[in-house]
Number of protein chains: 2
Amino acid sequence: MNVTDKTIRHVAREANVSVTTVSRVMNGSEKVSPATREKVLKAAEKLHFTPSRTAIALVTKRTRTVGVVVPYLDNSIFSSMIHEIEQTLSELGYFLVIAVSNNRIEEETKSADRLLAMGAEGLILSGADHDAALLSRLGVRNIPVIFTSIWNEAAEYPTIGYDNFGLARIAVRHLEKLGHRSIAVLHGPSDRSDRTRERIRGLVEGKSDRTTLLFFEGEVSAEAGARGTRRALERSPKPTAVIGLSDIIALGAIFEANRQGLTLPADLSIMGFDNLEWSEECCPRLTTLELPTRRMARAAAEAIVAKLETDQPIAPICFDGSLIIRESTAPA
Amino acid sequence: MNVTDKTIRHVAREANVSVTTVSRVMNGSEKVSPATREKVLKAAEKLHFTPSRTAIALVTKRTRTVGVVVPYLDNSIFSSMIHEIEQTLSELGYFLVIAVSNNRIEEETKSADRLLAMGAEGLILSGADHDAALLSRLGVRNIPVIFTSIWNEAAEYPTIGYDNFGLARIAVRHLEKLGHRSIAVLHGPSDRSDRTRERIRGLVEGKSDRTTLLFFEGEVSAEAGARGTRRALERSPKPTAVIGLSDIIALGAIFEANRQGLTLPADLSIMGFDNLEWSEECCPRLTTLELPTRRMARAAAEAIVAKLETDQPIAPICFDGSLIIRESTAPA
DNA sequence: CATTTGTGTGGAAACGTTACCACTTGACGG
DNA sequence: CCGTCAAGTGGTAACGTTTCCACACAAATG
């Protein structure tokens with residue numbers, strides 16, 4: 001990689017052994033006498049030898065790299081997911097390459113191909129909804145894939161995630177128990193995200209017949225949350241509760257409610273989804289659904305490495321999330 | 001990389017030409033007759049041939065990969081910076097690998113080494129404050145490095161960023177012009193971030209003698225912002241303004257002020273730093289300093305590629321930020 | 001004592017490209 | 001008609017590892 005870089009051959013000469021032997025001690029493997037091992041280690045040290053990952057990759061046909069593509073990076077649980085994956089991978093001696101898709105199928109496809117081109121041996125994707133051509137390409141190349149942030153046993157690839165449907169149902173029931181019968185739902189682009197669709201389905205199927213849901217679609221941003229809230233409050237009768245299918249959307253709702261002079265949660269209950277870092281600090285503190293992001297991330301990373309190392313099949317896992325009741329929801 | 005992967009040799013045989021010729025057409029370079037080119041392209045297509053990046057890297061000693069390590073990913077301008085760098089790099093035919101340091105020198109050092117191990121040929125770091133051993137390692141290996149998010153002509157490596165000092169001075173003067181004389185400053189760990197130190201210095205040196213600054217240090221989070229605000233409001237006389245050296249800190253301040261029943265901005269002016277996506281949507285809309293993140297990111301990516309390609313020296317650049325006055329600041 | 005079994009070591013062929021050099025054409029100018 | 005040149009093409013040695021195979025030698029076995 002560099003002018004000053006030494007190769008295994010330099011080390012071999014320095015230690016007066018064969019390249020084979022150097023290779024052996026560098027890999028800690030095989031039978032090498034302690035004396036020889038010591039000699040080699042000393043020589044390597046002296047020459048500042050670093051094995052060429054490129055050469056290793058070429059001959060072993062292994063890059064020890066996994067790719068993950070997430071819909072967003074900012075204001076989302078995905079950044080903590082990435083962090084956990086990176087940590088796990090690193091512990092296992094693997095590398096991580098990432099890309100963001102902005103929740104767009106075409107961008108995701110492009111990103112995934114890019115990650116593959118970078119040498120990713122396995123892919124962790126979000127949701128189960130992907131470009132068919134991409135999936136078939138992954139299939140023929142026999143690339144291990146895991147779908148995360150979702151739970152769907154019928155998906156083309158194993159899912160390691162959580163039950164968006166069930167969680168959303170918990171959310172709507174919480175609101176119903178408080179007496180809310182007219183609820184505004186603020187969500188991101190549903191056609192681009194099966195996670196969102198699942199949540200919406202959970203809301204719809206989880207609610208009782210007496211409850212009315214009003215849907216407002218926008219981006220996953222505070223701005224969209226504010227706008228959705230504005231539109232919701234123009235309706236009559238006004239909804240008594242708002243649920244943002246992302247905390248950042250809920251935050252926008254809080255901003256807008258504040259701006260309209262409402263008293264929270266008395267005038268309007270607001271719920272989020274994600275339990276982001278600031279959610280607890282919010283005013284009012286945000287009632288939300290905690291997602292098992294870290295556990296999920298770790299499990300996914302471990303599973304894909306296991307698949308890569310020993311080719312053992314990836315077992316789908318569904319982690320539990322939980323309702324966190326705080327101050328932003330109150331009786332209707 | 002895969003069982004089904006074809007090599008350049010397969011293509012050569014299929015097209016009935018030499019590997020050299022295939023190589024030439026794959027690189028679009030050199031003289032190849034249109035007929036031959038066509039033949040080769042067709043063969044490559046037919047065999048689903050993808051050149052092995054690993055092999056190319058081995059022989060060319062080029063990975064076309066640059067690494068960037070950022071202090072944080074979430075709630076920060078860094079995620080948009082990453083996004084812009086990735087885009088630029090991608091346009092230039094380069095790859096990006098990233099790591100996050102949590103603003104810790106040791107973690108940054110580990111991350112940087114990891115990125116190097118992954119094959120990064122150049123590094124983009126945040127701030128100018130880094131582990132001396134790392135820097136010397138980069139020096140001997142002759143790795144191009146750019147420091148971003150800061151402006152410091154005296155730094156060991158070229159800086160492409162903005163003037164934290166000057167921007168902070170603008171901030172404090174804005175508050176002074178509104179009549180604020182007692183200002184609470186909420187900031188992240190200053191010993192771990194020269195960007196923060198620069199901002200603090202800008203505040204201190206920019207203020208007039210009649211103004212008092214109260215400093216509260218914490219993490220870069222809403223929670224820390226809230227706590228700092230709480231402590232600040234216990235002082236007497238109470239500060240009439242709060243400036244968070246990150247928008248997320250300012251957000252925490254807003255939450256806490258709301259919680260204490262203050263009317264914003266009448267009872268307390270609040271300023272941020274970053275102009276994150278939700279800052280405009282905030283209630284009250286947040287007065288903050290907009291940072292030239294995207295321009296900076298693009299410039300850094302372009303500069304490091306130029307350095308890698310043609311070895312032309314990296315010219316330091318200082319981009320302008322700007323004060324965005326919104327509703328969260330008012331006369332004292 | 002002859003044979004087998006380990007144990008430690010080295011030689012050299014891959015891995016999939018690029019890049020240097022050499023070669024074959026046919027065209028062109030003198 | 002010969003020499004020169006350019007365009008197009010191919011042969012092959014790298015690049016830095018791993019891994020298969022072979023081998024030397026000592027210890028254990030019959």
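What's counted below: heavy atoms across the whole structure, side chains too, no hydrogens, waters or symmetry copies. Sequence lines set the chain letters: A, B, ... in the order given, protein chains first and strands last, and positions in each chain run from 1.
In the set dT17(C), dT9(D), dC15(D), the nucleotide with an atom closest to the side chain of Ser33(B) is dT9(D). The side chain of Thr36(A) approaches dG8(C) more closely than any other nucleotide in the set dG16(D), dG8(C), dG16(C). The side chain of Ser52(A) sits closest to dT17(D) out of dT17(D), dT9(D), dT9(C). Set against dG16(C), dC15(C), dT18(C), the side chain of Val59(A) has dC15(C) as its closest nucleotide.
Note: CZ (Arg62(A)) to P (dG16(C)) measures 16 Å, nearest angstrom. Atom NE2 of His48(A) is separated from atom C1' of dG16(D) by 20 Å (rounded to the nearest Å). The distance from atom CZ of Arg53(B) to atom P of dT18(C) is 13 Å, rounded to the nearest whole Å. Rounded to an integer number of Å, the gap from CZ of Arg64(A) to P of dT17(D) is 16 Å. In this entry the distance linking CG of Asn16(A) with P of dG10(C) reads 8 Å, nearest Å. Taking atom CZ of Arg37(A) as the reference point, atom C1' of dT7(C) lies 14 Å away to the nearest angstrom. Separating the CD1 atom of Ile56(A) from the P atom of dT18(D) is a distance of 5 Å, rounded to the nearest angstrom. Protein atom NZ of Lys61(A) is 15 Å distant from nucleotide atom C1' of dG16(D), rounded to whole Å.
With hydrogens and angles disregarded, a donor-acceptor distance shorter than 3.5 Å links the side chain of Thr293(A) to the backbone of Leu291(A). In this structure, Thr109(B) contributes its side chain and Leu134(B) its backbone to no donor-acceptor pair below 3.5 Å. With Thr60(B) contributing its side chain and Ile56(B) its backbone, the two residues share a donor-acceptor pair below 3.5 Å.
The 5' end of DNA chain D is approached more closely, in terms of each residue's nearest nucleotide, by Pro34(B) than by the other of Thr7(A) and Pro34(B).
Shortest non-hydrogen contact noted between Ala301(B) and Leu92(B) is O-CD1, 4.5 Å. Taking every heavy atom of both residues into account, Asn103(A) and Tyr72(A) meet most closely at ND2-OH, 3.0 Å.
At a threshold of 4.0 Å, the pair Arg298(A)-Glu91(A) counts as salt-bridged, since one of the basic side-chain nitrogens sits closer than that to a carboxylate oxygen. Salt bridge annotation for Glu309(B)-Arg64(B): present, with a cationic side-chain nitrogen under 4.0 angstrom from a carboxylate oxygen.
Under the 4.5 Å side-chain criterion, counting only non-hydrogen atoms from C-beta, Leu138(B) is in contact with Tyr157(B). Under the 4.5 Å side-chain criterion, counting only non-hydrogen atoms from C-beta, Ile314(B) is in contact with Ile160(B).
Within the nucleic acid shown, Leu58(B) comes within 4.0 Å of at least one base atom, counting heavy atoms only.
For Thr21(B), a side-chain nitrogen or oxygen approaches OP1 or OP2 of dG10(D) to under 4.0 Å. Between Thr60(B) and dT18(C), a side-chain N or O to OP1/OP2 separation shorter than 4.0 Å is absent.
With no hydrogens or angles considered, no side-chain donor-acceptor pair links Thr20(B) and Ser23(B) at under 3.5 Å.
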Sort me out a list of protein N/O and nucleotides 11-13 of chain C N/O pairs below 3.5 Å, or just none if empty.
| residue | atom | partner | partner atom | Å |
| --- | --- | --- | --- | --- |
| dG11(C) | N7 | Thr20(A) | OG1 | 3.2 |
| dG11(C) | O6 | Thr20(A) | OG1 | 2.9 |
| dA12(C) | N6 | Thr20(A) | OG1 | 3.2 |

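From one end of the helix from dC1(C)-dG30(D) to dG30(C)-dC1(D) to the other, with five pairs defining each end axis, the axis direction shifts by 50° (rounded to 10°).
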